[in-house]
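Please read the structure below before turning to the comments.
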Amino acid sequence: SPEVGNTRLMTGQKKNNAMALTRGSSANYFRNFIFGVEDSLVSTVGLLSGVAIADVERSTIILSGVVLIFVEAISMAAGSFLSESTAREFSGQKEQSLRPSMTSGAIMFCSYFLAGFIPLSPYLVFSTATAFPASIGASLFALCCLGVVSARLSKTGIARNVLRMVVVGGLAIAVGVIVGRIVAGA
């Protein structure tokens, strides 16, 4: 009967919409993870390198790094939550649960927070002279790993993803080092 066919069609559309929403949420979570890790690695090592070049005490470098990691992890999580909520409202999903937006924010917070300690950890253990290159090296290595993870999860080319992560992240790290040198020399 036509009614049964229409019911099946509507049920099929609901399933397709639910699957698209799930794929969209998964892609959003993946994007937040990649963004959080990359941004944390790059901004933290850039700040630490810039401050270290200014020849300040190691305790000042560590304090700067810890403050940055905490403030930025919270800020990035809040931004992720707010932008996800706004995007969902804009697309007409006003009645939806806040859970996806909260999950996006939590993923952003955790990825940023944990990744920030990769460039900071050498300063916790070594002298500034040793920690400076170790921090940059650890961050570049972590960007390589992130490129591999990104490629595997998205089923794309590993070499391309690794190169993109290292080049883009490396340029941002270089800016921190250059600005630190310029300001320290002024």
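Residues: numbered from 1 along the sequence shown. Values below: every heavy atom of this structure, side chains too, minus hydrogens, waters and symmetry copies. Remember, predicted model here, so these are calculated numbers, not experimental data.
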> Would V168 end up clustered with I158 when hydrophobic side chains under 4.5 Å apart are linked, directly or stepwise?
Replying inline: no
Kindly list each side-chain donor-acceptor pair under 3.5 angstrom involving residues 132-147, sequence neighbours excluded, with atom names and distances?
residue	atom	partner	partner atom	Å
S135	OG	P119	O	2.7
S139	OG	S135	O	2.9

> Looking only at heavy atoms, what is the nearest atom pair of Y29 and P100, with distance?
Replying inline: OH-CA, 3.4 Å
> How far apart are the C-alpha atoms of S40 and F113, what are their side-chain angles, what is the distance that settles it, and do they pass the side chain to side chain contact (heavy atoms under 4.5 Å, CB included) test?
Replying inline: CA-CA 7 Å; S40 182; F113 186 81; over 6 Å; no
Name the atoms and distances for all side-chain donor-acceptor pairs under 3.5 Å in residues 64-74, with sequence neighbours left out.
residue	atom	partner	partner atom	Å
S64	OG	T60	O	2.8

> Hydrophobic cluster mates of L82, side-chain heavy atoms under 4.5 angstrom, ILVMFWY only, any path?
Replying inline: F81, L98, M102
>> List the residues meeting side-chain hydrogen bond (donor to acceptor under 3.5 Å, both in side chains) with S154, not counting sequence neighbours, and say none if there are none.
In response: T156
>> With side-chain contact (heavy atoms from CB on, under 4.5 Å) as the test, pick out the partner of Y112 among T44, L41, V37.
In response: T44
>> Once rounded to the nearest 0.5 Å, what's the spacing between atom CD1 of I107 and atom CE of M76?
In response: 13.5 Å
>> Please determine whether side chain to side chain contact (heavy atoms under 4.5 Å, CB included) holds for the pair F30 and S150, giving the CA-CA distance in whole Å, both sets of side-chain angles, and the decisive distance to 0.1 Å.
In response: CA-CA 9 Å; F30 180 61; S150 174; 4.0 Å; yes
>> Within this structure, what is the OG-CD distance for the pair S101 and E89, rounded to the nearest 0.5 Å?
In response: 8.0 Å
> Is any side-chain heavy atom of M108 less than 4.5 Å from a side-chain heavy atom of F35?
Replying inline: yes
>> Could you see if L48 belongs to whatever hydrophobic cluster contains L124? Use Ile, Leu, Val, Met, Phe, Trp, Tyr and a side-chain cutoff under 4.5 Å.
In response: yes
> Can you hop from L63 to L120 via hydrophobic side chains spaced under 4.5 Å?
Replying inline: no
>> R58: which residues meet the side-chain hydrogen bond (donor to acceptor under 3.5 Å, both in side chains) condition with it, sequence neighbours left out?
In response: none
>> If hydrophobic clusters are built from ILVMFWY residues whose side chains come within less than 4.5 Å, do V167 and V149 share one?
In response: no
>> Determine whether a donor-acceptor pair (N or O, by modelled atom type, separation under 3.5 Å) exists between the side chain of S121 and the backbone of I118.
In response: yes
> Any side-chain heavy atom of N32 within less than 4.5 Å of one from E84?
Replying inline: no
> Going through the distances and angles, do R164 and N161 end up as a side chain to side chain contact (heavy atoms under 4.5 Å, CB included)?
Replying inline: CA-CA 5 Å; R164 182 175 57 203; N161 275 305; 2.3 Å; yes
> Rounded to the nearest 0.5 Å, how far apart are OG of S80 and CG of N28?
Replying inline: 6.5 Å
> Please walk me through it: do E38 and V42 pass side chain to side chain contact (heavy atoms under 4.5 Å, CB included)?
Replying inline: CA-CA 6 Å; E38 186 278 335; V42 171; 3.2 Å; yes
> Hey, are the side chains of R152 and V148 touching, using non-hydrogen atoms and a 4.5 Å cut-off?
Replying inline: yes
> Which pair of non-hydrogen atoms, one from I62 and one from Y123, has the smallest distance, and what is that distance?
Replying inline: CD1-O, 3.4 Å
For residues 170-180, which side-chain donor-acceptor pairs fall under 3.5 Å, sequence neighbours excluded?
none

>> Is the shortest side-chain heavy-atom distance between L163 and R160 below 4.5 Å?
In response: no
> Taking all atoms of both residues into account, what is the closest heavy-atom pair of A184 and A54, and its distance?
Replying inline: CB-CA, 3.6 Å
